[in-house]
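Structure first, commentary second.
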Amino acid sequence: MDLDYRKQWDQNVEELYERECNGQTVVYWQVKCPMLKSNRDYVYVRERRDLDVEGRKVFVVLAQSISHSQFPERSGVVRVTQCEHRLAITSDGRNGSKVFMYYFDNLRVQIPTWLLKRALKNGVPEFLNNLEKACRNYPRRY
């Protein structure tokens, strides 16, 4: 939820900000995609809920792409018009967390099988390691 912190730890962020539009907070996110030759950008809304499930706190974030006139498509950047992200975080009961993520992005490109395998083998684990490190280093707020 902290976009300024995301810009610090995620080297794939080209541009990231939020803007109030008609009572709704809309996020603009441009991602560096050198292997796809063009950066991708997203315009989406998101919502965070803090739940109590059987005495355990669960933090849930839902995000979904939208089309908005205040965020026109940019030349040289491919707009991801279909994306859905779901994230749930809870304690593991010890000194860590359990994280559940669902990401669907239609990148609007045919990805060769070799590149997809490489991304799944290297890119996803690298992202998850960076995410874990970022969570550990996030400034605590009491």
Side-chain angles (χ1 to χ4, degrees), residues 1-68 70-74 76-142:
M1 297 300 289
D2 186 337
L3 301 184
D4 290 330
Y5 186 61
R6 177 76 183 252
K7 289 186 269 190
Q8 291 176 33
W9 69 264
D10 188 349
Q11 72 272 8
N12 295 313
V13 172
E14 180 69 32
E15 189 175 356
L16 179 60
Y17 63 88
E18 58 187 7
R19 180 186 299 163
E20 291 295 320
C21 301
N22 302 325
Q24 198 173 34
T25 302
V26 180
V27 177
Y28 175 82
W29 180 28
Q30 187 179 144
V31 180
K32 297 174 190 173
C33 293
M35 284 196 273
L36 298 178
K37 299 191 178 164
S38 296
N39 286 357
R40 298 305 192 254
D41 71 356
Y42 300 74
V43 177
Y44 64 92
V45 293
R46 65 185 177 164
E47 186 174 337
R48 175 183 162 180
R49 297 285 173 139
D50 298 349
L51 307 175
D52 185 309
V53 179
E54 298 175 2
R56 178 178 258 171
K57 286 188 178 183
V58 179
F59 304 98
V60 177
V61 178
L62 304 174
Q64 185 167 338
S65 58
I66 63 166
S67 177
H68 201 289
Q70 290 191 31
F71 299 89
E73 292 191 29
R74 298 179 181 188
V77 178
V78 177
R79 173 69 44 92
V80 177
T81 57
Q82 294 175 301
C83 77
E84 212 177 302
H85 303 161
R86 300 176 195 152
L87 173 71
I89 303 172
T90 189
S91 170
D92 68 359
R94 296 182 303 273
N95 196 21
S97 300
K98 291 182 181 181
V99 178
F100 304 89
M101 291 186 356
Y102 168 83
Y103 266 59
F104 167 77
D105 293 351
N106 180 351
L107 299 177
R108 297 175 56 187
V109 66
Q110 291 286 5
I111 300 175
T113 303
W114 68 267
L115 183 57
L116 185 59
K117 286 180 180 179
R118 181 175 167 192
L120 292 173
K121 181 180 178 189
N122 300 319
V124 173
E126 180 182 341
F127 171 78
L128 292 174
N129 287 334
N130 290 340
L131 178 62
E132 179 182 9
K133 185 177 176 184
C135 290
R136 289 186 191 283
N137 293 329
Y138 190 75
R140 295 184 185 269
R141 295 187 178 127
Y142 296 97

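None of the values given here were measured: they were computed from a predicted structure. Only this structure's heavy atoms are used, side chains among them; waters, hydrogens and symmetry mates stay out.
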Legend entry - Validation row: Glu126, Asn130 side chains within 4.5 angstrom (heavy atoms): yes

Legend entry - Partners passing side chain to side chain contact (heavy atoms under 4.5 Å, CB included) against Asp50 (at least two apart in sequence or in another chain): Arg48, Phe59

Inset, instruction - Using the side chain to side chain donor-acceptor pair (under 3.5 Å) rule, pick out the option among Lys7, Arg74, Lys32 that qualifies with Glu15. - result: Arg74

Inset, instruction - Taking atom CZ of Arg118 as the centre, report whether more than 12 heavy atoms of other residues, nucleotides or ligands fall under 6.0 Å from it. - result: no

Inset, instruction - Measure the shortest side-chain to side-chain distance between Val27 and Arg46 over non-hydrogen atoms and say whether it is less than 4.5 angstrom. - result: yes

Legend entry - Side-chain heavy atoms of Asn12 within contact of Phe127, under 4.5 Å: no

Legend entry - For Tyr42, ring pair (Phe, Tyr, Trp, His ring centres under 6.0 Å) partners two or more places apart: Trp29

Inset, instruction - State, with a plain yes or no, whether a side-chain heavy atom of Val109 is found less than 4.5 Å away from one of Val78. - result: no

Legend entry - Partners meeting side chain to side chain contact (heavy atoms under 4.5 Å, CB included) with Arg94 (sequence neighbours left out): Asp92

Inset, instruction - Please list, chain by chain and in numerical order, all residues satisfying side chain to side chain donor-acceptor pair (under 3.5 Å) with Arg108, sequence neighbours excluded. - result: none

Inset, instruction - Look at the aromatic rings of Tyr28 and Phe71 and report parallel, tilted or perpendicular, splitting at 30° and 60°. - result: parallel

Legend entry - Of all pairs that satisfy ring-ring contact (aromatic ring centres under 6.0 Å, His included), the ones with a partner from residues 76-108, not counting sequence neighbours: His85-Tyr103

Legend entry - Sequence-distant partners of Cys135, side chain to side chain contact (heavy atoms under 4.5 Å, CB included), two or more places apart: Leu131

Legend entry - Contact check, side chains of Met101 and Leu128, non-hydrogen atoms, under 4.5 Å: yes

